[in-house]
Amino acid sequence: LLSGPHGVDVHEGLVRVREDVHPAAVVVRLDAVHEVEAPGGEVVRACVLLIEEPEASVAQLLDKVKGPDFPLGGKVITDRPTLRKIYEEGTGSIKVQAEWKLEKVAKREQIVVTSIPYGVNKGTLESVIGEIIAARKLPQLTGLTNESNAKDGMRIVLELKPGTDPNLVMGYLYKHTALQENFAYN
């Protein structure tokens, strides 16, 4: 048991609060524990804002919480006005894309997918891309290798023909595979 100040105790990750302690004090104490980059820190800061300003607007909350955070990564490509509308109305759709980078190996270029949208099965995704390569639906793409490991994380390597525009390849894959997904909010 770690006995903290102001009637807040932490034991095995659980927070226990004396009955006479105001909830705002607990959230403020927890916020002090979170670093700016810590997971969940922005949500805690939004909770502190709501305690301090119960009538805070969605715009003020969006200053604290930048958008949904999906495990496994992927990049939210929905613009801020649309996110705000979704939060205000409680309905809408958020688009998430895989993240990738271009690497040069010897004289060739390759696309390295470093994260995929939440809920996408990596094995199934690799199979679908493999079928696209085998059927020559995207002739600029010549091969796929899974180089993922614990040290480097996800690395799905897509081999390109020389002179290929990687943005064109990724555009096709976003449209025809689960490298881009929509998440509905209702």
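Remember, predicted model here, so these are calculated numbers, not experimental data.
- Of all heavy-atom pairs between Glu126 and Asn146, the closest is OE2-ND2, 2.8 Å.
- A 4.5 Å side-chain heavy-atom check between Met154 and Lys122 finds at least one atom pair inside the cut-off.
- Within the 4.5 Å cutoff, side-chain heavy atoms of Ile132 are placed close to those of Leu173.
- Asp152 places none of its side-chain heavy atoms less than 4.5 Å from the side chain of Glu147.
- A donor-acceptor contact shorter than 3.5 Å links the side chain of Gln60 to the backbone of Ser57.
- No option in Thr145, Ile111, Leu179, Val113 other than Val113 meets the side-chain contact (heavy atoms from CB on, under 4.5 Å) test with Ile156.
- Each of Val157 and Tyr174 belongs to its own hydrophobic cluster when Ile, Leu, Val, Met, Phe, Trp and Tyr are linked at side-chain heavy-atom distances under 4.5 angstrom.
- With values rounded to the nearest 0.5 angstrom, Asp79 atom CG is found 10.5 Å from Lys95 atom NZ.
- Two different hydrophobic clusters hold Leu168 and Leu160 under the rule that ILVMFWY side chains link at heavy-atom gaps under 4.5 Å.
- Looking at heavy atoms from C-beta onward, Pro117 lies out of side-chain contact with Gln180 at the 4.5 angstrom threshold.
- Taken from OG1 in Thr78 to CZ in Phe183, the straight-line distance is 10.5 Å, to the nearest 0.5 Å.
- The only member of Lys104, Lys161, Lys101 that meets salt bridge (charged side-chain N to carboxylate O under 4.0 Å, His left out) when paired with Glu109 is Lys104.
- Using a 3.5 Å distance cut-off with no hydrogens or angles, the side chains of Glu159 and Gln110 do not pair a donor with an acceptor.
- Judged by distance alone, with hydrogens and angles left aside, the side-chain atoms of Ser148 form a donor-acceptor pair with the main-chain N or O of Arg155 at under 3.5 Å.
- Under the 4.5 Å side-chain heavy-atom criterion for ILVMFWY residues, no single connected hydrophobic cluster contains both Val112 and Val169.
- For the atom pair CD1 (Ile86) and OG1 (Thr91), the distance works out to 8.0 Å, reported to the nearest 0.5 Å.
- Taking CD1 of Ile129 as the start and CG of Leu138 as the end, the distance is 10.0 Å to the nearest 0.5 Å.
- Residues Pro166 and Thr164 come closest through the heavy atom pair CD-O, 3.2 Å.
- With hydrophobic clusters built from ILVMFWY side chains whose heavy atoms lie under 4.5 angstrom apart, Tyr172 does not share a cluster with Ile77.
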